[in-house]
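These notes are about the structure you will find just below.
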Number of protein chains: 2
Amino acid sequence: MDASTVSRVLKNAADVRVRQETRARILEAAERLNYRANPLARALKTARSRTLLIVVPQIENPVFSAAILGAEEEARARGYVLLVAYGREGSAAGVLERVSQSSLVEGVVIASFDEDETLRQSIAAIGQPHVVINRRLTGGGSCVALDTRAASAIGVAHLAALGHRRIGHLAGRLGRFNGDARRRGWEDAMRAAGLAPDPDLVAEAGYDPARVPAAVDALLARGVTAIHAATLLTGAAAIARLHGHGLDVPGDVSVVTMHDDLLARVVYPAITTVELPSAEMGARAVRLLLRRLEPGADDGPAEASETLMLPPGKLVLRESTSPPR
Amino acid sequence: MDASTVSRVLKNAADVRVRQETRARILEAAERLNYRANPLARALKTARSRTLLIVVPQIENPVFSAAILGAEEEARARGYVLLVAYGREGSAAGVLERVSQSSLVEGVVIASFDEDETLRQSIAAIGQPHVVINRRLTGGGSCVALDTRAASAIGVAHLAALGHRRIGHLAGRLGRFNGDARRRGWEDAMRAAGLAPDPDLVAEAGYDPARVPAAVDALLARGVTAIHAATLLTGAAAIARLHGHGLDVPGDVSVVTMHDDLLARVVYPAITTVELPSAEMGARAVRLLLRRLEPGADDGPAEASETLMLPPGKLVLRESTSPPR
DNA sequence: TCTGTTTGCACAAACGTTTGCTCAGCGGCG
DNA sequence: CGCCGCTGAGCAAACGTTTGTGCAAACAGA
């Protein structure tokens, strides 16, 4: 029983040319010995490791863990293994360098808080197929992002529909893709409701709960009756701050945010949010990557290296919003 | 320049036997060509992949993401790559089978919600060095667990010291290692404070926030003035329920729990918790594993395959606890 | 019966390392 | 002067696959 024949039989190659009896004998023996082809040897010979890497700046962030989940499922379904690596402080450079040298990876899904230019350089340095997620990378390759601008607009429109007129935006990191997109979404909805998107109604807290109290106080000083928070975490922190002032949510101030995570359900009041397909973002990124690695026609035409914007899901109505008094 | 010599020089082998000049020439060329030994070929030849696997039931759970972080750092520091895989529904069997056949892994760190017997069988089936974390596996190999019993006791003792006498325990999953440990910790502290650990003061909510309201109501019906929650998530949900009843926390009811996560800081009031070294749990598991894979004397004597219990950190005083009225 | 075609399988090289061995050159020692 | 032993480096086999090719045996057509 020669190795080559075994190899052909076990992978059911197109150039079969093997007798039924031989095939059966091989299959039986493989079964009996619990034989598994050594993936290392195969990868060495074929120069294909069927391994993908996802790099995230934080693993504990629900957006990224959801993206990892989605990516892992998609990769597995396609017969790939997904490695997870994380770059502390948001920088991707070190991780990319390290992993791409210690393990053989065919493509990388990258999430990073780096500046555009920095990130572009890190990516160029490893010279591997890649897809960036959770942002647009101008001039870069393909990206998969969440349409947080639309998500913001949905939340703000909800507040406006309830009758709120002074709706504050508790902004994320302004100057960055997602921070700006969310503020623009707020502006869009304000305008659509015939309200002026007064810059005074915007207070930046970034993604840091510790910066929330001051930002909320600033908004309160502007007389807002509702707050649209850029992230679930800062939204929750905003509610805590409001409680701290003895204010009732939603009685005195309504709060809406996005990302339908468990956190939205364990605080009081449960937070009204807009669903965002984080897991799908991971899955789509893997699909894009695989389309480049395996140019089969099974996926339809390969799109140009552009940004794929995933539309938000629906508004999940909970108890943090109500008409103004 | 022969490959064998290059190999010896680059890994700085003990059997150096190479002229300084040759060594320099090789090093220079490697640098110039940005040469990296192919990890696949090396792994194939040496039968050592320097890859570890960690299997967790959920990646979004802060305990596990912290453990992954700790494990990854430790693995990397030792020159290993850490693969992350997760088994939905808590079962480890499928993941172990799948990954151990698709990639070459030298050892596995396992977290799972499986029953002891089921888990033992899954592990036996893959026949690889392993360390179980976040629980004790009776009769199994080595484990690294958090001493949640002691952590519970610290939290409950804090409540007792404040003057609470009717302290309810919002239990995790009773009958399982961590659920039972936490309830025992509550009992320990109750007894130590001269209070009767009345079973009526225990209400089980598992790890599911949806079950919390009913459990909290049951505790309230028993006249508790303080609640010790088995998990941060159910603790937060308990606070939400208390608010829902129009009760003040900590004015009417104090709440304490464990795991010092971000969540504890974004709810109102910020939750008093007991620190638990989740990240260290991951790191220690990797160390244990490596000790078996590389029996060097650098780590002290290899311990018997017993459970390593990591003691809790300190009580983090926030605003969810106060003396009873 | 002979030639030509197909069928079924084995041979062997290659992937990029690691590692035991060989061996030429050379200096020292008897 | 001859032998020994050391140094420094190359040779070659091996790890477990994949894949192009070679080559018998079986078969068909003439």
Side-chain angles (χ1 to χ4, degrees), chain A residues 1-51 79-81 98-107 126-128 293-294 296, chain B residues 1-51 79-81 98-107 126-128 293-294 296:
Chain A
M1 209 149 51
D2 181 80
S4 55
T5 307
V6 172
S7 173
R8 289 185 233 260
V9 166
L10 288 190
K11 58 174 8 198
N12 237 325
D15 60 340
V16 271
R17 304 227 334 204
V18 70
R19 223 184 330 175
Q20 277 310 319
E21 185 238 319
T22 313
R23 165 189 299 273
R25 213 153 46 92
I26 289 176
L27 257 25
E28 185 275 334
E31 172 69 21
R32 184 164 40 82
L33 301 174
N34 193 27
Y35 170 82
R36 303 254 171 269
N38 182 327
L40 251 40
R42 167 176 299 160
L44 178 60
K45 176 62 188 171
T46 62
R48 303 243 12 219
S49 61
R50 295 189 83 77
T51 299
Y80 280 72
V81 168
R98 169 168 58 79
V99 180
S100 68
Q101 89 174 58
S102 69
S103 199
L104 235 42
V105 153
E106 294 190 46
I126 60 163
Q128 277 195 327
L293 296 178
E294 313 178 327
Chain B
M1 209 148 52
D2 182 80
S4 55
T5 308
V6 172
S7 172
R8 290 184 235 262
V9 166
L10 287 189
K11 55 171 15 193
N12 237 325
D15 60 339
V16 273
R17 303 230 333 210
V18 71
R19 224 182 327 171
Q20 278 309 319
E21 186 237 319
T22 313
R23 163 187 302 271
R25 215 153 43 92
I26 289 176
L27 257 25
E28 187 273 333
E31 172 70 21
R32 186 164 40 82
L33 302 173
N34 193 26
Y35 169 83
R36 303 254 173 269
N38 182 326
L40 250 39
R42 167 175 299 160
L44 177 60
K45 176 61 186 170
T46 61
R48 302 242 15 217
S49 61
R50 295 191 82 80
T51 299
Y80 281 72
V81 169
R98 170 169 58 78
V99 179
S100 68
Q101 91 175 54
S102 69
S103 199
L104 234 44
V105 153
E106 294 190 46
I126 59 162
Q128 277 195 326
L293 296 178
E294 312 177 328

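By convention in this document, chain letters (A, B, ...) are assigned in the order of the sequence lines, proteins followed by strands, and residues within each chain are numbered from 1. If you're wondering where the values come from, they're calculated on a predicted model, not measured in any experiment.
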In whole angstroms, how far is the [atom2] atom of [N] from the [atom1] atom of [X]?
X: A:Lys11; N: D:dG16; atom1: NZ; atom2: C1'; value: 13 Å
X: A:Asn38; N: C:dC15; atom1: CG; atom2: C1'; value: 13 Å
X: B:Arg23; N: D:dG8; atom1: CZ; atom2: C1'; value: 12 Å
X: A:Leu40; N: D:dT18; atom1: CG; atom2: C1'; value: 15 Å
X: A:Leu44; N: C:dT17; atom1: CG; atom2: P; value: 9 Å
X: A:Arg42; N: C:dA14; atom1: CZ; atom2: C1'; value: 17 Å
X: B:Leu10; N: C:dT18; atom1: CG; atom2: C1'; value: 12 Å

Any residue meeting side chain to side chain donor-acceptor pair (under 3.5 Å) with [X], in chain and number order, not counting sequence neighbours:
X: B:Arg19; answer: none
X: B:Thr22; answer: none
X: B:Gln20; answer: none
X: A:Ser4; answer: A:Asp2

Practice problem: Establish, with yes or no, whether the OP1 or OP2 oxygen of D:dG8 is under 4.0 angstrom from a side-chain nitrogen or oxygen of B:Arg19. | Solution: no

Nearest heavy-atom contact between A:Ala43 and A:Ser49 is CB-CA, 4.0 Å

What nitrogen or oxygen pairs link the protein and nucleotides 11-13 of chain C at under 3.5 Å?
residue, atom, partner, partner atom, Å
C:dC11, N4, A:Ser4, OG, 3.0

Notebook entry, point to check: Any N or O donor-acceptor pair linking the side chain of B:Arg17 to the base of D:dG8 at under 3.5 Å?
Noted result: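 It does, because a donor-acceptor pair links the side chain of B:Arg17 to the base of D:dG8 below 3.5 Å.
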
_My understanding is that only residues two or more places apart in sequence, or in another chain, count here; which of them pass side chain to side chain contact (heavy atoms under 4.5 Å, CB included) with A:Asn38?_
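For A:Asn38 the side chain to side chain contact (heavy atoms under 4.5 Å, CB included) partners, ignoring immediate neighbours, are A:Leu40, A:Ala41, B:Leu44, B:Leu104.
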
